[in-house]
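Lettering follows sequence order; numbering is per chain, from 1.
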2 protein chains.
Amino acid sequence: MSRTIEFKSLAPHVSLGDLVYQQIVEALVSGQYAGGEELNEVILAAQFHVSRTPVREALRRLAAEGLVVNQRNRQTTVVEISPSEVVQTYQVRQILEAAAARMAATHISSTRLAELKGLAKAATPRSDADWGNGERKFDEELHRAVAESCGNAKLQREIQRYNNLVRFVRSRVARSPQHLAHGHTEHLQILTALEHRDPTKAEAAMSAHIASALQVVLEELPLLARRP
Amino acid sequence: MSRTIEFKSLAPHVSLGDLVYQQIVEALVSGQYAGGEELNEVILAAQFHVSRTPVREALRRLAAEGLVVNQRNRQTTVVEISPSEVVQTYQVRQILEAAAARMAATHISSTRLAELKGLAKAATPRSDADWGNGERKFDEELHRAVAESCGNAKLQREIQRYNNLVRFVRSRVARSPQHLAHGHTEHLQILTALEHRDPTKAEAAMSAHIASALQVVLEELPLLARRP
DNA sequence: CGGATGCATACTGTATACACTTTGCGGTGC
DNA sequence: GCACCGCAAAGTGTATACAGTATGCATCCG
């Protein structure tokens, strides 16, 4: 299994710990590690051509975010996601982002709204094969805009922090891009509620959106068992 | 300023990093550091009679929780809490715990409810000087019970993690114990809603409770300026 | 043949040494 | 006198050496 990793990047004032962290997150979120797999500090250090110190730093950070588990004197292991934990993760996301949507309805700037409308148009598929990229970008930007525009930096921070776990969980269970098409009308409803500056509707739309995303994911759950 | 710290405790399978972390949290939450104060790794290591490694670990963890800030190549500093950040912190807490209360209404066990009722009785003051301890214990246990009984381990974890920041913020601004007396009837309303298994009322009661706790704190805000 | 015991091994936990970055101060040249 | 340059000190970032702990295996005893 070739899992060699290249970087030693050109970034000047970013610590190796940060780089290693980002690399491992990317690897985890793109499904390169199996649930329960052991992450050996020495091996990782060799792969990244750094010492154990930055690797340890990254692993502790990942553990704090819930992507890996480390018990004292044991190798840290990639978290195993049970169906019930998928539900729990989406529930927490629902709680955080629904609240953010409610607040964003009164705080979001009109320029930001205009940006989103542009992306929404771009995401509308010309052909049916055309889904994918445009919709994914719209999805990401919408959620990001809601978090950034909620008017509460601490809530924004929690949402973005939690997003790593969400991406991790999703990468374990969602394979088909069907949820993208599925989510388009929901996204538009959220956007419309924001345009109308309607907190209640924005909250409800976001809540429904995440609930339905969970449903889509749950239908694919049998996949959970067989992972690389 | 004698800030010597004793431990080197008897705990067998707890790492020094954990111990240092707990000690610093305790120090931060009990107001032993001023906002903006610099936390020097070497000095802390000396105070705890350990090397810099566990200290660094603890500091990174605290940074992840938002109690301190560290920029690359700069000393980590204790976070400075502005009035607006007090509001933001309580808002996030409100979002998380109100949701937990709603869920706990359907999940909490009757034995747990009985425990809480016992504490509630014990917290009712015989004399007026008697507030304080009983009420604080009731408060803590109620919030803990709600988090633990919400039926979502991930939500519970986020609440407990966030609680460190809440305690930190509160320690900066709340001086008088007046909020304890103030909160008693609100606590009872939460408990009653839980007993009635009424999610909506439980959520509303918790939400109102935290909002009013914020109000009490805001009235003491002038204190924010002058800290040790 | 089964089980317990001791040892080797492979890790993580901690300490320490070294490198790099930032910053403030002092000297020097204009 | 002022500005700029350079250097030294202090502090963090990283690497590495050392210590401690859990675990599997082999061996020995019953």
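Per the geometry, CZ belonging to Arg52(A) stands 12 Å off P belonging to dA17(D), to the nearest Å. Distance, Gln71(A) CD to dT21(D) P: 17 Å, rounded to whole Å. Rounded to an integer number of Å, the gap from Tyr21(A) OH to dT14(D) C1' is 20 Å. Between the NE2 atom of His49(B) and the P atom of dA15(C) there is a distance of 12 Å, rounded to whole Å. Straight-line distance from the CD atom of Glu57(B) to the C1' atom of dT14(D): 16 Å, rounded to whole Å. Here dA19(C) presents its P atom at 16 Å from CG of Leu16(A), a figure rounded to the nearest Å. The nearest whole Å value for the distance from the CD atom in Glu38(B) to the P atom in dG11(D) is 9 Å. Taking atom CG of Asn70(B) as the reference point, atom P of dG11(D) lies 16 Å away to the nearest angstrom.
A salt bridge between Arg167(B) and Glu26(B) is present, with a side-chain N of the basic residue lying under 4.0 Å from a carboxylate O of the acidic one.
The CD atom of Glu41(A) sits 9.5 Å away from atom OG1 of Thr53(A), with the distance rounded to the nearest 0.5 Å. Here the straight-line distance linking atom CZ of Arg93(A) with atom NE2 of His209(A) works out to 6.0 Å at 0.5 Å rounding.
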Original post:
Going through the distances and angles, do Glu158(B) and Arg161(A) end up as a salt bridge (Lys or Arg N to Asp or Glu O under 4.0 Å)?
Top reply: CA-CA 11 Å; Glu158(B) 290 303 312; Arg161(A) 214 187 68 94; 3.4 Å; yes
Original post:
Can you check side-chain hydrogen bond (donor to acceptor under 3.5 Å, both in side chains) on Glu38(B) and Tyr33(B), steps first, answer last?
Top reply: CA-CA 9 Å; Glu38(B) 294 178 337; Tyr33(B) 294 105; over 6 Å; no
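One side chain, Gln94(A) or Ser207(A), offers a donor N or O that lies under 3.5 Å from an acceptor on the other.
Residues Glu85(B) and Tyr90(B) fail the side-chain proximity criterion, which asks for heavy atoms closer than 4.5 Å.
The Ser15(A) side chain lies nearest to dG13(D) when the options are dG13(D), dT16(D), dT14(C).
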Look for any protein N or O under 3.5 Å of an N or O in nucleotides 8-11 of chain C and output each such pair with its distance, or none.
residue, atom, partner, partner atom, Å
dC11(C), O5', Asn40(A), ND2, 2.6

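Here the side chain of Ser171(A) pairs a donor or acceptor atom with the backbone of Val29(A) at under 3.5 angstrom.
Helix bend of the helix from dC1(C)-dG30(D) to dC30(C)-dG1(D): the angle between its two end axes, each built from five pairs, comes to 10° after rounding to 10°.
Residues that satisfy the salt bridge (Lys or Arg N to Asp or Glu O under 4.0 Å) test with Arg112(A), not counting sequence neighbours, are Glu115(A), Glu141(A), Glu148(A).
The phosphate of dT16(D) has neither OP1 nor OP2 within less than 4.0 Å of any side-chain N or O from Arg56(A). Under 4.0 angstrom from either OP1 or OP2 of dA15(D) there lies at least one side-chain N or O belonging to Ser51(A).
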